[in-house]
Amino acid sequence: MASPALKTSIEAREFIVAPGVYDLISALMADRMGFKALYVTGYGTVASALGLPDAGLATYTEMIDRIGCICRMTKTPVIADADTGYGGLLNVRHTVRGYEAAGVTAIQIEDQEFPKKCGHTPNRRVVPMADMVRKIKVASDSRSSRDFLIVARTDARTSLGLDEALRRGEAYAEAGADIVFIESPETEAEMVDIGRRIKTPLVANMVNGGRTPMLPAKRLAEIGFSLAIFPAVGFLATAKALETAYADLRDNGTTTLSDTMFSFAEFNKLIGFEDVWAFERRYAET
């Protein structure tokens, strides 16, 4: 059952910052930080699980397995990327039901052609607006609870311009989307236009090094957004930390940067060994 907390926060006009998570370590870390939502990034999940780019290569089964694990191991409401719904209208129904059953609170579906690509990379193409409207109607009708939110994303800005993206955003909201996601606006002025035009709650995609200006939460709230996802912050930080740590080991034959790492004891606590030890004290044979 989807948590009502995210919907309640949005209705109360509490601005939500959601960090990107992509595996169980990142999810466990973010879950204890006090965020109101976590965002399961397709880019990061595909990179982590398969070592491949976010270009329509991951299947529904691969994604739902990882997403389900994240939902089971965390308490924070989860927003999860579902690409194009993994196919046609029947696939969208199956995806919505599967994500909701897995514990997801909000599902994100986009209007790209298959195979899709990351929204901050080139050569993205979108389906006709009417096709996506039907997907959103199916998604809205397929959920068992109105606490399970539908996030409708359009990638039309890059190839067809902002006006078409805004037109699609309005149509997707009318079709039943709870949150509208205009991907890849390229200036702050465009973001202001989006906030002025779209009356449905809006998500801003803050990708470090991406196509959209990085604005702080206060400014995003001022111009009409309800939620900001930071999908890349976790895996970009992790990749840099790993590069630094592995280079240190290669160059010095040992680790000299221990002060930049979690202690082994801290990581044991994060991953749940304290519970294992408590169980063993109670039940294991001595």
Side-chain angles (χ1 to χ4, degrees), residues 15-22 37 39-48 52-58 79-84 106 108-127 129 132 151-173 177 179-198 200-240:
F15 191 84
I16 297 162
V17 173
V21 300
Y22 54 90
Y39 178 74
V40 180
T41 157
Y43 187 119
T45 301
V46 175
S48 174
L52 293 172
D54 183 22
L57 300 172
I79 306 164
D81 186 357
D83 290 349
T84 63
Q108 174 193 306
I109 302 174
E110 63 204 42
D111 63 2
Q112 283 193 55
E113 289 184 357
F114 182 84
K116 58 87 61 175
K117 298 181 180 70
C118 167
H120 287 252
T121 58
N123 304 319
R124 286 168 292 128
R125 297 164 60 93
V126 292
V127 299
M129 183 173 70
M132 181 63 171
V151 182
R153 168 176 143 181
T154 178
D155 285 66
R157 162 62 188 93
T158 302
S159 58
L160 301 178
L162 183 62
D163 286 344
E164 174 63 12
L166 290 168
R167 194 166 71 90
R168 286 174 177 243
E170 290 175 328
Y172 301 164
I179 302 171
V180 170
F181 182 170
I182 308 292
E183 177 65 295
S184 302
E186 298 185 1
T187 66
E188 185 172 341
E190 288 189 0
M191 299 176 77
V192 170
D193 286 344
I194 292 168
R196 184 183 301 119
R197 175 89 169 260
I198 305 293
T200 304
L202 286 165
V203 59
N205 190 11
M206 298 285 95
V207 177
N208 303 77
R211 304 173 72 95
T212 301
M214 296 287 291
L215 301 181
K218 181 179 179 181
R219 178 58 177 157
L220 289 169
E222 287 173 350
I223 63 178
F225 287 81
S226 300
L227 185 154
I229 57 173
F230 288 76
V233 63
F235 62 77
L236 293 180
T238 299
K240 185 62 178 178

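Using a 4.5 Å heavy-atom cutoff, the side chains of T45 and V40 are in contact. Counting heavy atoms from C-beta outward, V233 and N208 have side chains that approach closer than 4.5 Å. Residues R168 and L160 are in side-chain contact: their nearest non-hydrogen atoms beyond the backbone lie under 4.5 Å apart. Proximity of R196 to V192: side-chain heavy atoms (C-beta onward) are separated by under 4.5 Å at one or more points. The side-chain heavy atoms of V207 and P231, taken from C-beta on, include a pair separated by under 4.5 Å. You'll find the side chain of L166 reaches within 4.5 Å of the side chain of I194, heavy atoms only. The side-chain heavy atoms of Q108 and V203, taken from C-beta on, include no pair separated by under 4.5 Å. Under the 4.5 Å side-chain criterion, counting only non-hydrogen atoms from C-beta, M214 is in contact with F230.
In this structure, the separation between CG on L215 and CD on E188 is 5.0 Å, given to the nearest 0.5 Å. One finds the OG1 atom of T41 at 7.0 Å from the CG atom of D54 (value rounded to the nearest 0.5 Å). The CD1 atom of I16 sits 14.5 Å away from atom OH of Y39, with the distance rounded to the nearest 0.5 Å. The structure places CZ of F15 at 6.5 Å from CG of L227, a figure rounded to the nearest 0.5 Å. Here the OG1 atom belonging to T212 is positioned 8.5 Å from the CD atom belonging to E190, to the nearest 0.5 angstrom. Here the straight-line distance linking atom CE of M132 with atom CD1 of I109 works out to 6.5 Å at 0.5 Å rounding.
Using the six-membered ring where Trp is involved, F235 and Y43 have ring planes that are parallel, under 30° apart on the 30 and 60° scheme.
Contact detail for A106 and V151: the closest heavy-atom pair is CB-CG2, 4.2 Å. Contact detail for Y22 and S48: the closest heavy-atom pair is CD1-CB, 3.7 Å. Nearest heavy atoms, L220 versus A228: CD1-CB, 3.7 Å. Nearest heavy atoms, P53 versus V46: O-CG1, 3.7 Å. Shortest non-hydrogen contact noted between A152 and A177 is CB-CB, 3.6 Å. Closest approach of A171 to M129, counting heavy atoms only: CB-SD, 3.8 Å.
At least one donor-acceptor pair closer than 3.5 Å links the side chain of T238 to the backbone N or O of G234. No donor-acceptor pair under 3.5 Å is formed between the side chain of D155 and the backbone N or O of D111.
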For this session: Please test I182 against T154 for side-chain contact (heavy atoms from CB on, under 4.5 Å), starting from the C-alpha separation and ending with a verdict.
Result: CA-CA 5 Å; I182 308 292; T154 178; 3.5 Å; yes
Exercise. Run the side-chain contact (heavy atoms from CB on, under 4.5 Å) check on M191 and F225 step by step: do they pass?
Worked result: CA-CA 9 Å; M191 299 176 77; F225 287 81; 4.1 Å; yes
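Under the 4.0 Å criterion applied to side-chain N and carboxylate O atoms, E183 and R124 are not assigned as salt-bridge partners.
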